[in-house]
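Here's the structure we're looking at; comments come further down.
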Amino acid sequence: MRKKIIAANWKMHMTQSESEAFITTFLREIGDLDEVEIVIVPPFTAIPKVTELLTQTQNIKVGAQNMHWERSGAFTGEISPAMLRELFVRYVVLGHSERRALFGETDEIVNRKVRAAHVEQLRPIVCVGETLEQREKGNVEKILARQLRGSLADVEAKELHETVIAYEPIWAIGTGKTASSGQAQEAHAFIRQTLREMSDDATAEKIRIQYGGSVKPDNARELMSQPDIDGALVGGASLDPRSFAQIVQAGAPNEGL
Ligand code: 13P
């Protein structure tokens, strides 16, 4: 049984003081829920504050939104895996479609980062997903296979166990248009099949695949009840502690029964 993993990708939102207000309310809303693994992914500047506020909790981890692949060096403006480790960061989102589209990240760059993350024992959340045009042309599987094979090249099975995949159809990000649970499940099943071909059955069964793209409290339960949807990567709705808490609760259907 794969434990669901639900992450709040705050993108370029939340100052330190706003993060503090969020975490205080969120912890109150969530109580001692531990059926779901929760990851808060703040901008770099809020990471130390969020980590400090979460020291008493076991079940909520901190992630980063990006990193460079080198340990250190002349890379002005970049942050290294070792720097994140020192701040107790456990996860790192890599290859988000905004990074691919706005900052020129290719599968090869994402792959370097994924391998560097594993060296530093950071767990990558690797994002894949198609544009609307690619979907309309019937190219969803081709795109997903290419992104997976490129981004995860030379990653060993034992590292794949520690890798999370996020399926984020680009047309569903920030648009209010969610993929239907059927569309999402179909893509997730294809991703798992591709992972099986790239490694083995046991590995593919272990890897958690999140759905991302306009996840809200009212669609989260239906999406996460699909057999291959193992959680959510939430943007807009994760900026409000109550709505993010409701999404987390939707992933823990037995909680409170
Ligand atoms: P929204 O939830 O705002 O659509 O963003 C999804 C996303 O990009 C999460 O990484």
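Heavy-atom basis, side chains included; hydrogens, waters and symmetry copies ignored. First listed ligand is number 1; within each ligand, the first listed atom is number 1.
Looking at heavy atoms from C-beta onward, F22 lies in side-chain contact with M14 at the 4.5 angstrom threshold. Considering only heavy atoms from C-beta on, F190 comes within 4.5 Å of L144 through its side chain.
A distance of 12.0 Å separates CZ in R208 from NE2 in H161, rounded to the nearest 0.5 Å. To the nearest 0.5 Å, the span separating CD1 on I191 from CD1 on I165 amounts to 7.0 Å. Note: I173 CD1 to E168 CD = 4.5 Å, rounded to the nearest 0.5 Å.
Counting protein heavy atoms only, atom 7 (C) of ligand 1 is closest to E168 OE2, 3.1 Å. Among protein heavy atoms, the minimum distance from atom 5 (O) of ligand 1 is reached at K11 NZ, 3.3 Å.
Contact analysis puts S214 in contact with ligand 1, with a non-hydrogen atom separation below 4.0 angstrom. Under a 4.0 angstrom heavy-atom cut-off, G212 registers as lying outside contact with ligand 1.
For A172, every heavy-atom contact with ligand 1 shorter than 4.0 Å involves the backbone, none the side chain.
Each of the atoms 4 (O), 6 (C) of ligand 1 lies under 4.0 Å from some heavy atom of G213. Listed by number with element, the atoms of ligand 1 under 4.0 Å from a non-hydrogen atom of L233 are 9 (C), 10 (O). The atoms of ligand 1 that sit less than 4.0 Å from any heavy atom of G174 are 1 (P), 3 (O), 4 (O).
Counting only distance, with no hydrogens or angles, the side chain of W10 and the backbone of S238 share a donor-acceptor pair below 3.5 Å. D230 places a side-chain N or O within 3.5 Å of a backbone atom of I209 that can act as its donor or acceptor partner.
Taking distance alone, with nitrogen or oxygen atoms compared against 3.5 Å, T175 stays at or beyond that limit from ligand 1. Geometrically, ligand 1 and G236 share a nitrogen or oxygen pair separated by less than 3.5 Å. For a threshold of 3.5 Å applied to N or O pairs, the pair formed by V234 and ligand 1 contains no separation below that value. Taking only nitrogen or oxygen atoms, main chain and side chain alike, G235 reaches within less than 3.5 Å of ligand 1. Checked against a 3.5 angstrom limit, the closest N/O atoms of N9 and ligand 1 fall inside it. Not a single N or O atom of K216, backbone or side chain, sits closer than 3.5 Å to an N or O atom of ligand 1.
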- Query: Does the pair T131 and Q134 meet the rule for a side-chain hydrogen bond (donor to acceptor under 3.5 Å, both in side chains), with working shown?
  - Reply: CA-CA 5 Å; T131 63; Q134 289 163 339; 3.2 Å; yes
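Side chain to side chain, N219 and T178 meet the donor-acceptor criterion of an N or O pair below 3.5 Å.
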